[in-house]
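Only one structure is covered here, and it is reproduced in the block below.
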Amino acid sequence: MSFDGVFTHAMVDELKVGLKNGRVSKVQQPYKNEIVLVMRANGKNHRLLLSAHPSYARIQLTDIPYENPSSPPNFCMVMRKHLEGAVLEDIQQIGNDRIIHFTFKSRDELGDIQNVMLIVELMGRHSNLFLVEQDTKRIIDTIKHVPVSQNTFRTIMPGSTYVNPPYQEKINPFETGNIKAMQELYEEKEEVSLQQLIQKKYQGIGSETAKEIAYRSEGQLEKIKRVMESFVESIDSKNLKPTLTTLNKKIFFTPIPYLSLNGESESYATLSILLDQYYQVKAEKDRVQQQASDLIHIVQVELQRNIKKMKKLEKTMQETEQADDYRLRGEILTAYLHELHKGQKEATLPNFYDDDQPLKINLNPRSTPSQNAQKFFSKYQKLKNAIIFVTEQIQITKEEINYLDSVSTQLELATPRDIAEIKEELVQQGYLRKKYKKNQKKQKKLKASSPDKYVSSDGDIILVGKNNLQNDLLTMKTARKSDIWLHAKNIPGSHVIIQNNNPSEQTISEAANIAAYFSKSQLSASVPVDVVEVKKIKKPNGAKPGFVIYEGQQTVFVTPDRELVNQLKGQK
């Protein structure tokens, strides 16, 4: 489901009820394309999220906590200057399009009243936020600057005049008396489906909404006017039923249940709560990708380099298995030197290690028999020495691959707040260099943050490390020796601690589910999880962060359950 004009219409109505006449207390810009306005309205604080993200553009109230950058971006500073303390006078949708005007009244530095508009355009990759002077339409600033060279229709830069996007002559279904019978709009020459016809004639109707109206009309043109009027009335009645529907492994969000989406559905109290549920995982993963793209690239490059190195080492190790063969040929040549002469390309001699069976030995004709024998001994010695070196390198490379694999898994499972610690870890391990700006003092080493906290059905505390710094601190420092430690068996994942020396089977099962969920096998149907007392965990000297060894464990099998994990996270 896209955030179409119908959903925008319903959301604007919801925001009017919750925010109108509210005052802006804070302006935050946690990410490149998103602004959060903290507003005081109706005796409560609200967090209004305005997103110009190319894939997840939307407006909504949100309860999701966002991490703010250490220094605010320039657009955020401009927004603070003009909007902090401002009162929201009105919210208007332009037609049934995905353009929303937030009108604010505030005072400038001299105390004079100024009216500004925050215009949100939800248009896919062209989405944008504009701060505009209401009277003159002068653009104060935009979250995305677009020069004339990229948009010949209008200039999207500070100081230019705001121009509405190109207007499409379509019918606004929410204007009273504006809904016409589809027969009046249908042209015989148009060879399009009923769904496409609805989208073509009505403003702000997305594909899923058009499909729903066509479905309710039973594919008949003459029924569309009545169905559209009924549909619009259900949206305008304020008696919505925000619904999340899962169908064919896809998730759809709608303001009311859509009959055409015949899947598993769940309802929510408000549209904003619905969007928090829908976007939390999607948007968070995208933010991690944005923030950690460099880290992901570095880890993948290093991982591939070590995998190639391992293949070469394994090939060399196979060659070392021929060492004894070189020694044997050298000894046979030495025994029969008196029968050989320089210039021979090969010699067939009795192999006294194999009942004097004939053994063909290739020779270098430019070397003497003695020199040929010495070359075989040299190759033997070289390969024998290589065995020690290659064995050591294979072990080191294997540890490196396991470590990088664990970091890669942590990046896949990370939340935005985990990225800084993973980056610090990569700096400590020498994969990244610490960057310092001019005149910037050297910062102290970043300390590991607290692990995530969960509560089992029995009330036991379950702690989860989300990166290797947390894992080491949790297992080797925080946990008591009598606590129970869990980890997905033989795969990268989080360290999990049950703070109880005798937890119930239910608690162990729930903790194992958490360990499986925060592992590389998160999507697997059955994940083995090792369970052992903390006192049996050891960290070898010089081992990579997060790496431990243990014995005496029990293994349980679980299926990762996201809903269960979220439920345990929310328990008090």
Atom NE2 of His338 with >12 non-hydrogen neighbours under 6.0 angstrom
yes

Could you tell me whether Lys32 atom NZ has more than 12 heavy atoms of other residues or ligands within 6.0 Å of it?
no

Closer than 4.0 angstrom, basic N to acidic O: yes or no for Arg98 and Glu121?
no

Using a 6.0 Å cut-off, check whether atom NZ of Lys539 has over 12 heavy atoms from anything other than its own residue.
yes

Within a reach of under 6.0 Å around CG of Asp356, are more than 12 heavy atoms found that belong to other residues, nucleotides or ligands?
yes

Please determine, by modelled atom types, if Glu331 and Tyr353 share a side-chain donor-acceptor pair under 3.5 angstrom.
yes

So, taking the atom named CG in Leu129 and the one named CE in Met79, what distance separates them when rounded to the nearest 0.5 Å?
7.0 Å

May I ask you to test the Val299-Leu426 pair for a side-chain heavy-atom distance under 4.5 Å?
yes

Check the side chains of Glu421 and Asn467 for a donor-acceptor pair under 3.5 angstrom, ignoring hydrogens and angles.
yes

What heavy-atom pair brings Leu413 and Lys466 nearest, and what distance separates the two atoms?
O-NZ, 3.9 Å

Polar contact flag, side-chain donor to acceptor under 3.5 angstrom, Lys342-Ser367:
no

Quick one: are Phe376 and Arg327 in side-chain contact, heavy atoms under 4.5 Å?
no

How many angstroms lie between atom CD of Gln393 and atom CE of Met310, to the nearest 0.5 angstrom?
10.0 Å

Just by distance, with hydrogens left out, do Asp561 and Asn513 show a side-chain donor and acceptor under 3.5 Å apart?
no

Can you see whether Glu510 engages Ser457 through a side-chain donor-acceptor pair at a distance of less than 3.5 angstrom?
yes

Could you check whether the rings of Phe7 and Phe3 sit parallel, tilted or perpendicular, using 30° and 60° as the cut-offs?
perpendicular

Do Glu208 and Thr254 touch side chain to side chain, with heavy atoms closer than 4.5 Å?
no

Using distance alone, with no hydrogens and no angle criterion, decide if Gln60 and Asp276 have a side-chain donor and acceptor under 3.5 Å apart.
yes

Between Tyr56 and Tyr278, does the side chain to side chain contact (heavy atoms under 4.5 Å, CB included) criterion hold? Intermediate values first, please.
CA-CA 10 Å; Tyr56 310 131; Tyr278 179 83; over 6 Å; no

Between Ser51 and Glu34, is any side-chain donor less than 3.5 angstrom from a side-chain acceptor?
yes

Within a 6.0 Å radius of atom CD on Gln357, are there more than 12 heavy atoms belonging to other residues, nucleotides or ligands?
yes

Reference residue Thr507; test side chain to side chain contact (heavy atoms under 4.5 Å, CB included); the match among Ile498, Val455, Ile484
Ile498

Ignoring hydrogens and angles, state whether a donor on the side chain of Gln300 or Ser408 is under 3.5 Å from an acceptor on the partner side chain.
yes

Between CG on residue Asp405 and CD on residue Gln410, distance to nearest 0.5 Å
10.0 Å

Is atom CZ of Phe389 surrounded by more than 12 heavy atoms (other residues, nucleotides or ligands) closer than 6.0 Å?
no

Atom CE of residue position Met476 - does it have more than 12 heavy atoms of other residues, nucleotides or ligands inside 6.0 Å?
yes

CD1 of Ile422 to CD of Gln470: how many Å apart, nearest 0.5 Å?
9.0 Å

Ion pair check, Asp63 and Arg47, cut-off under 4.0 Å
no

So OH of Tyr517 and CD of Gln522: to nearest 0.5 Å the spacing works out to 4.5 Å

Could you check whether Arg305 pairs with Glu302 (Lys NZ or Arg NE/NH1/NH2 to Asp/Glu carboxylate O, under 4.0 Å)?
yes

Rounded to the nearest 0.5 Å, how far does CG of Asp418 lie from CG of Asp452?
7.0 Å

Does NZ or CZ of Lys544 lie under 6.0 Å from the centre of the six-membered ring of Tyr403, at an angle within 45° of the ring axis?
yes

Do any N or O atoms from the side chain of Asp483 and from the backbone of Arg480 form a donor-acceptor pair under 3.5 angstrom?
yes

Please say whether more than 12 non-hydrogen atoms of neighbouring residues, nucleotides or ligands are located less than 6.0 Å from NZ in Lys535.
no

His487 side chain vs Gly493 backbone, donor-acceptor pair below 3.5 Å
yes

